[in-house]
Colleague: 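First, the structure itself, so that you have it in front of you.
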Amino acid sequence: MMKRFLLVFVTVLFALPGLLRAQDTLFTAPDTVCVRQAIRLLPTQTNASSYYWSFCPGTLSSSPTIRNLGGGYQFREPSAIEAIKDDNGRYYAFILNRAEKSLVRLDFGATLANLPLVTPMGSYDTTVPDTGGGMFLMRTKGSWYLFLTGGSNAANSSLARFDFGSSLGNRPLSVNMGNPGGVLNAPKDLYITQEADQYFGYILNAGSSTLVRVNFGTNISITPSFVDIGNIGSLNQPGHLTVSQINGVNRIYVTNTGNSSLTILNFGASLGTTPVGTNLSNLYNNLYQPSGLAYYRDCDRPYLLLANTLSNTAIRVRLNANGDVSSNPADVTAVISAANDFSGPTGMTRFQRDGANLYAYVVNTNNTLTEVKFGGCTRSTVAASTSATPPVYSYDTTGTYTVNLTINDGLPNMRTFCRQIVVLPQPGINISNDTLICQGDTINLIAQSLTADSLRWSPDYNITSTVSNEIRAFPERTTDYRVYFSYPDGCAIDTSVTVRVVENVADAGPDRTLIDGSSTVLGGPLTSRGAEFTYEWSPATYLDDPTKAFPVARPFTNYTYYFTAIHTTPELVCRRTDSVVVRVLCEDIHLPNAFAPESSIDGIRRFGLLNKQLVKLISFRIFNRWGQQVYTSSDLTGGWDGQYNGGAAEPGVYVWEIDGFCPSGQRITKSGDVTLIR
């Protein structure tokens with residue numbers, strides 16, 4: 001059975017999701033987006049003690065999962081069930097057993113996804129009323145109270161109260177307050193609230209088909225007075241009630257067991273007034289001795305959920321914006337369930353939200369428990385968040401989605417707010433595919449949509465325009481170019497083209513200068529390396545290996561070498577080229593300062609040029625100490641073997657003179673001396 005308002009403390013009513021005034025807005029959100037559009041929600045309060053965002057929660061408009069959890073819960077002809085979340089974050093349910101005048105407590109722990117722990121609370125023969133009727137659970141001034149009704153006639157009917165103190169996990173104190181004035185007659189469901197400093201409520205009399213007002217005054221712990229305010233709204237053995245407050249108007253919905261009908265009692269701005277009642281008959285032939293009744297409001301519209309005892313079905317009623325049953329029969333539908341999910345249901349809890357899921361529980365005449373779950377969907381990229389500012393997320397399917405935010409969960413200043421976001425199909429776009437280019441290349445990119453108001457490219461990095469449909473891009477590194485389309489209906493598309501860049505660097509190294517006859521290693525440290533790279537040097541002249549990244553060069557004259565690094569994959573071949581200039585100095589003549597013709601060491605037996613870069617030798621002459629010429633030649637590769645006039649020249653110092661040309665055409669002459677050793 002469902003009582004939709006839970007009293008929190010002296011003057012504050014727990015607001016339900018969607019039952020919020022304009023000043024209770026907790027975040028801003030777009031009204032309309034399109035599939036896969038990034039959504040950013042902005043909280044209006046950033047100093048709350050806790051936040052819980054649910055981006056795709058279960059709603060009454062979706063199809064529920066219904067399952068019978070079986071027996072084993074110590075039920076004995078249960079007549080009523082109540083459920084709530086305690087201040088300690090634990091979910092509890094209480095069941096009133098008709099057969100043995102006892103209570104059972106179910107402890108689900110921190111989540112309703114758990115199977116509950118069962119605690120039989122024992123028999124309260126002197127407290128629990130005969131033939132149990134209904135229950136109502138409330139919290140005020142930091143304490144929890146459970147009220148029970150029961151009885152089959154005016155003589156044995158009564159109201160009882162259980163005091164749990166600060167936690168529903170405590171062992172309660174109990175008192176039976178009787179039936180002052182004999183007003184109660186087979187009482188069933190009840191509801192108690194507070195307005196200003198007054199506690200009062202209502203009880204359904206099934207025996208007399210009347211509504212009874214319960215007055216506690218300013219103290220919820222005293223024995224109340226009862227006032228029978230008669231049959232309003234054609235009550236007929238009323239069994240269950242639930243309460244709503246929509247647009248400042250209070251209503252009590254009542255199921256009538258006697259003729260399978262629904263009555264709405266309209267109290268206006270205050271539940272303390274005498275209501276106006278309307279009997280809506282059997283809701284287009286969908287009611288079959290209705291028992292359980294629960295109310296919930298999604299952001300779009302309020303709903304009722306009823307359980308039928310005779311047909312073992314659940315009926316969902318989509319109320320209009322004012323909380324009344326609409327004239328459209330399609331707004332009253334049977335919720336599909338498997339066989340034996342229900343078995344003569346006798347009572348239903350109020351709805352409990354646990355994360356993205358919405359739960360209600362039903363007790364059955366065969367002593368089993370049924371779970372009704374409106375589960376959260378999986379169509380958002382982020383399911384939930386506990387951050388003050390939630391992460392950016394999106395929906396992958398069209399539809400209308402509810403976003404819920406709860407702040408200060410479990411505290412007296414707990415607040416809940418929801419917004420609906422309509423997700424439209426993504427408009428048609430034409431956009432370039434992801435692509436692969438070589439570093440240094442340019443690619444044409446296209447992004448078009450016939451219905452878009454505008455588009456914007458980002459980042460503004462190596463592109464020719466940020467607002468054109470066609471652009472040229474030449475990134476030096478792999479880049480995601482995002483394209484943001486704006487549409488007049490609020491829809492937006494944030495998509496991207498990835499330009500993957502093969503980062504291929506050819507580093508031939510710095511230019512360098514060599515002295516005659518020396519060598520150098522070409523190549524620089526920035527060259528890209530890896531199995532997918534090969535290398536080419538051109539020209540290959542005077543290189544030890546033109547396919548190495550770092551070859552050895554021994555040029556005899558100035559050379560410019562071109563180095564190409566080649567990246568090869570099945571998709572693409574990329575080539576990058578760099579160059580290096582090697583200059584060879586031709587500024588001196590190099591000869592040894594001694595030689596020994598009879599030496600066993602090859603290389604010192606002949607006296608000749610060490611230079612490699614001379615291209616022409618006019619003369620190479622050698623003189624003894626008397627000025628006689630002992631050797632002359634114009635052969636660059638020749639040399640004196642120490643012979644003179646057919647015999648061995650004497651040891652000693654000899655003078656040489658050389659006259660020749662460098663590759664540049666520069667003439668070079670030089671003289672010096674050499675020692676002949678024997």
Colleague: Would Leu41 and Val403 count as a side chain to side chain contact (heavy atoms under 4.5 Å, CB included) here? Give the steps.
Modeller: CA-CA 10 Å; Leu41 304 178; Val403 179; 3.6 Å; yes

Colleague: Parallel under 30°, tilted from 30 to 60°, perpendicular over 60°: which one fits the rings of Tyr481 and Trp457?
Modeller: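 Perpendicular: the ring planes of Tyr481 and Trp457 meet at over 60°.
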
Colleague: Would a line drawn from the ring center of Tyr654 to the ring center of Trp640 be shorter than 6.0 Å?
Modeller: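 So the answer is yes for these two rings.
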
Colleague: Can you confirm if the aromatic rings of Trp537 and Phe563 lie within a centre distance of less than 6.0 Å?
Modeller: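 Distance test on ring centres: under 6.0 Å, yes.
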
Colleague: Would you say Ser432's side chain and Ile446's backbone share a donor-acceptor pair under 3.5 angstrom?
Modeller: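 Present.
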
Colleague: Are Arg575 and Glu536 close enough for a salt bridge, meaning some N to O gap below 4.0 Å?
Modeller: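 Looking at Arg575 and Glu536, the cut-off is met.
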
Colleague: Might you point out which heavy atoms bring Gly608 and Phe620 nearest each other, and give the distance in Å?
Modeller: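 Distance-wise, the nearest heavy atoms are CA-CE2, 4.1 Å.
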
Colleague: If we ignore hydrogens and angles and just use 3.5 Å, is the side chain of Asp641 paired with the main-chain N or O of Arg606 as donor and acceptor?
Modeller: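 Checking the backbone N and O of Arg606 against the side chain of Asp641, no donor-acceptor pair under 3.5 Å is found.
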
Colleague: Quick one: pull up CG in Asn624 and CG in Leu676 and give me the separation to the nearest 0.5 Å.
Modeller: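 The CG atom of Asn624 sits 11.5 Å away from the CG atom of Leu676.
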
Colleague: Students often mix this up, so state it plainly: with edges at 30° and 60°, are the rings of Tyr559 and Tyr561 parallel, tilted or perpendicular?
Modeller: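 Plane angle under 30°, so parallel.
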
Colleague: For Thr637 and Asp635, what are the C-alpha separation, side-chain angles and deciding distance, and is it a side-chain hydrogen bond (donor to acceptor under 3.5 Å, both in side chains)?
Modeller: CA-CA 5 Å; Thr637 62; Asp635 183 2; 2.9 Å; yes

Colleague: Under the rule for salt bridge (charged side-chain N to carboxylate O under 4.0 Å, His left out), what residues qualify as partners of Arg554, not counting sequence neighbours?
Modeller: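 Once residues adjacent in sequence are excluded, Arg554 has no partner under the salt bridge (charged side-chain N to carboxylate O under 4.0 Å, His left out) criterion.
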
Colleague: Does a sphere of radius 6.0 Å around OH in Tyr562 hold more than 12 heavy atoms from other residues, nucleotides or ligands, not counting ones at 6.0 Å or beyond?
Modeller: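 Open.
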
Colleague: Does a side-chain N-to-carboxylate-O contact under 4.0 Å join Arg36 and Asp396?
Modeller: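 Asp396 and Arg36: not salt-bridged.
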
Colleague: What do the steps show when you test Val422 against Asp31 for side chain to side chain contact (heavy atoms under 4.5 Å, CB included), and what is the final call?
Modeller: CA-CA 6 Å; Val422 177; Asp31 295 322; over 6 Å; no

Colleague: Does the salt bridge (Lys or Arg N to Asp or Glu O under 4.0 Å) test come out yes or no for Glu598 and Arg678, once each step is laid out?
Modeller: CA-CA 7 Å; Glu598 286 85 16; Arg678 292 194 183 276; 2.2 Å; yes

Colleague: Is the shortest heavy-atom distance from the side chain of Asp489 to the side chain of Leu424 under 4.5 Å?
Modeller: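 Yes; the side chains approach each other to less than 4.5 Å.
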
Colleague: For Phe108, is there any backbone N or O sitting under 3.5 Å from a side-chain donor or acceptor partner on Asn114?
Modeller: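 Checking the backbone N and O of Phe108 against the side chain of Asn114, a donor-acceptor pair under 3.5 Å is found.
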
Colleague: I want to know whether Tyr395 and Tyr401 have ring centres closer than 6.0 Å.
Modeller: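 Ring centres of Tyr401 and Tyr395 closer than 6.0 Å.
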
Colleague: Can you name the closest pair of heavy atoms from Ser465 and Ile471 and give their distance?
Modeller: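 It is O-CG2, 3.4 Å.
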
Colleague: Near Arg456 CZ, under 6.0 Å, is it more than 12 heavy atoms from other residues, nucleotides or ligands?
Modeller: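 Counting neighbours around CZ of Arg456, 12 or fewer heavy atoms of other residues, nucleotides or ligands fall under 6.0 Å, so no.
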
Colleague: Return yes if some donor-acceptor pair links the side-chain N/O of Ser380 with the main-chain N/O of Val382 below 3.5 Å, else return no.
Modeller: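 Yes, the answer is positive, given that a donor and an acceptor are paired below the 3.5 Å cut-off.
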
Colleague: Roughly how far, to the nearest 0.5 Å, is the OG atom of Ser496 from the CG atom of Asp434?
Modeller: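 If I round to the nearest 0.5 Å, the distance is 6.5 Å.
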
Colleague: Evaluate side-chain hydrogen bond (donor to acceptor under 3.5 Å, both in side chains) for Asp480 paired with Thr498, printing each intermediate quantity in order.
Modeller: CA-CA 4 Å; Asp480 284 328; Thr498 299; 2.3 Å; yes

Colleague: Judged by atom type as modelled, is there a donor-acceptor pair below 3.5 Å linking the side chain of Asn504 to the main-chain atoms of Ala565?
Modeller: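 Here the side-chain-to-backbone pair exists.
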
Colleague: Please report the shortest heavy-atom distance between Ala492 and Tyr484, naming the atom on each side.
Modeller: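 Between these two residues, the closest heavy atoms are CB-OH, 3.3 Å.
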
Colleague: Working to the nearest 0.5 angstrom, can you tell me the gap between Ile566 CD1 and Thr534 OG1?
Modeller: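 The OG1 atom of Thr534 is 4.0 Å from CD1 of Ile566, to the nearest 0.5 Å.
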
Colleague: Any chance you could measure Ser634, atom OG, to Arg621, atom CZ, to the nearest 0.5 Å?
Modeller: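 It comes to 12.5 Å.
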
Colleague: When the ring centroid of Phe27 is compared with that of Phe417, is the distance short of 6.0 Å?
Modeller: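 Close enough - the centres of the two rings lie under 6.0 Å apart.
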
Colleague: Between Ile493 and Tyr487, what is the shortest heavy-atom contact and its length?
Modeller: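 Closest heavy-atom pair between Ile493 and Tyr487: CD1-OH, 3.6 Å.
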
Colleague: Is the count of non-hydrogen atoms from other residues, nucleotides or ligands lying under 6.0 Å from Lys616 atom NZ greater than 12?
Modeller: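 Counting other residues, nucleotides and ligands, NZ of Lys616 stays at 12 neighbours or fewer.
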
Colleague: Quick one: pull up OG1 in Thr479 and CG in Asn462 and give me the separation to the nearest 0.5 Å.
Modeller: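 Going from OG1 on Thr479 over to CG on Asn462, the span is 8.0 Å.
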
Colleague: Taking it one step at a time, do Leu636 and Leu609 satisfy side chain to side chain contact (heavy atoms under 4.5 Å, CB included)?
Modeller: CA-CA 7 Å; Leu636 287 169; Leu609 281 170; 4.1 Å; yes

Colleague: Working to the nearest 0.5 angstrom, can you tell me the gap between Phe351 CZ and Leu358 CG?
Modeller: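 If I round to the nearest 0.5 Å, the distance is 5.5 Å.
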
Colleague: With a sphere of 6.0 Å drawn around CD of Glu650, does it hold more than 12 non-hydrogen atoms of other residues, nucleotides or ligands?
Modeller: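 No, not enclosed.
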
Colleague: Taking C-beta and beyond as the side chain, do Val423 and Val35 meet within less than 4.5 Å on heavy atoms?
Modeller: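 When only atoms from C-beta onward are counted, Val35 and Val423 do touch, with a gap below 4.5 Å.
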
Colleague: For Thr111 and Asp354, does a side-chain donor sit closer than 3.5 Å to a side-chain acceptor?
Modeller: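 Their side chains do contain a donor-acceptor pair, which is all the 3.5 Å distance test asks for.
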
Colleague: Using a strict cut-off of less than 4.0 Å between a Lys/Arg side-chain nitrogen and an Asp/Glu carboxylate oxygen, indicate whether Lys670 and Asp659 qualify as a salt bridge.
Modeller: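 No, no charged N to carboxylate O under 4.0 Å.
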
Colleague: Asp545 side chain to Pro551 main-chain N or O, any donor-acceptor pair under 3.5 Å?
Modeller: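 The answer is no, because no donor-acceptor pair under 3.5 Å joins these two groups.
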
Colleague: Ion pair present between Arg482 and Asp494, side-chain N to carboxylate O less than 4.0 angstrom?
Modeller: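 Salt bridge: yes.
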
Colleague: Determine whether a donor-acceptor pair (N or O, by modelled atom type, separation under 3.5 Å) exists between the side chain of Thr44 and the backbone of Thr25.
Modeller: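 Yes, because the side chain of Thr44 sits within donor-acceptor range (under 3.5 Å) of the backbone of Thr25.
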
Colleague: Test your reading of the model: is there a side-chain donor-acceptor pair from Asn357 to the backbone of Gly375, 3.5 Å cut-off?
Modeller: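 No, Asn357 side chain to Gly375 backbone: no donor-acceptor pair under 3.5 Å.
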
Colleague: Show your reasoning for whether side-chain hydrogen bond (donor to acceptor under 3.5 Å, both in side chains) applies to Thr564 and Thr577.
Modeller: CA-CA 4 Å; Thr564 301; Thr577 300; 2.9 Å; yes

Colleague: Does a side chain donor of either Thr520 or Arg512 reach within less than 3.5 Å of an acceptor in the other side chain?
Modeller: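 Looking only at side-chain atoms, Arg512 and Thr520 do form a donor-acceptor pair, the distance falling under 3.5 Å.
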
Colleague: Please name the pair of heavy atoms, one in Ala48 and one in Ile407, separated by the smallest distance, quoted to 0.1 Å.
Modeller: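 Closest approach of Ala48 to Ile407: CB-CB, 3.8 Å.
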
Colleague: Between Val483 and Ile431, what is the shortest heavy-atom contact and its length?
Modeller: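 Where Val483 meets Ile431 most closely, the heavy atoms are CG2-CD1, 3.9 Å.
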
Colleague: Treating Thr406 as the side-chain partner and Tyr52 as the backbone partner, does any N or O pair qualify as donor plus acceptor under 3.5 Å?
Modeller: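 No: the side chain of Thr406 does not pair with the backbone of Tyr52.
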
Colleague: Within 45° of the axis and under 6.0 Å from the centre of the six-membered ring of Tyr461, does NZ or CZ of Arg477 qualify?
Modeller: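 Here Arg477 passes the 6.0 Å and 45° test against Tyr461.
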
Colleague: For the pair Ser61 and Thr59, evaluate side-chain hydrogen bond (donor to acceptor under 3.5 Å, both in side chains) and give the outcome as yes or no after the intermediate values.
Modeller: CA-CA 5 Å; Ser61 60; Thr59 64; 2.9 Å; yes

Colleague: Would you say the side-chain atoms of Asp107 pair up with the backbone N or O of Leu117, donor to acceptor, closer than 3.5 Å?
Modeller: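 Between the backbone of Leu117 and the side chain of Asp107 there is no qualifying donor-acceptor contact (under 3.5 Å).
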
Colleague: Using the six-membered ring wherever Trp is involved, compare the ring planes of Phe607 and Phe595 and label them parallel, tilted or perpendicular (cut-offs 30° and 60°).
Modeller: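 The arrangement is parallel - the two ring planes meet at less than 30°.
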
Colleague: Can you list the steps and then say if Phe474 with Ile463 is a side chain to side chain contact (heavy atoms under 4.5 Å, CB included)?
Modeller: CA-CA 7 Å; Phe474 41 94; Ile463 55 177; over 6 Å; no

Colleague: Before accepting this row, confirm whether a basic side-chain N of the pair Glu503/Arg576 lies closer than 4.0 Å to the acidic partner's carboxylate O.
Modeller: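 No, this pair does not count.
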
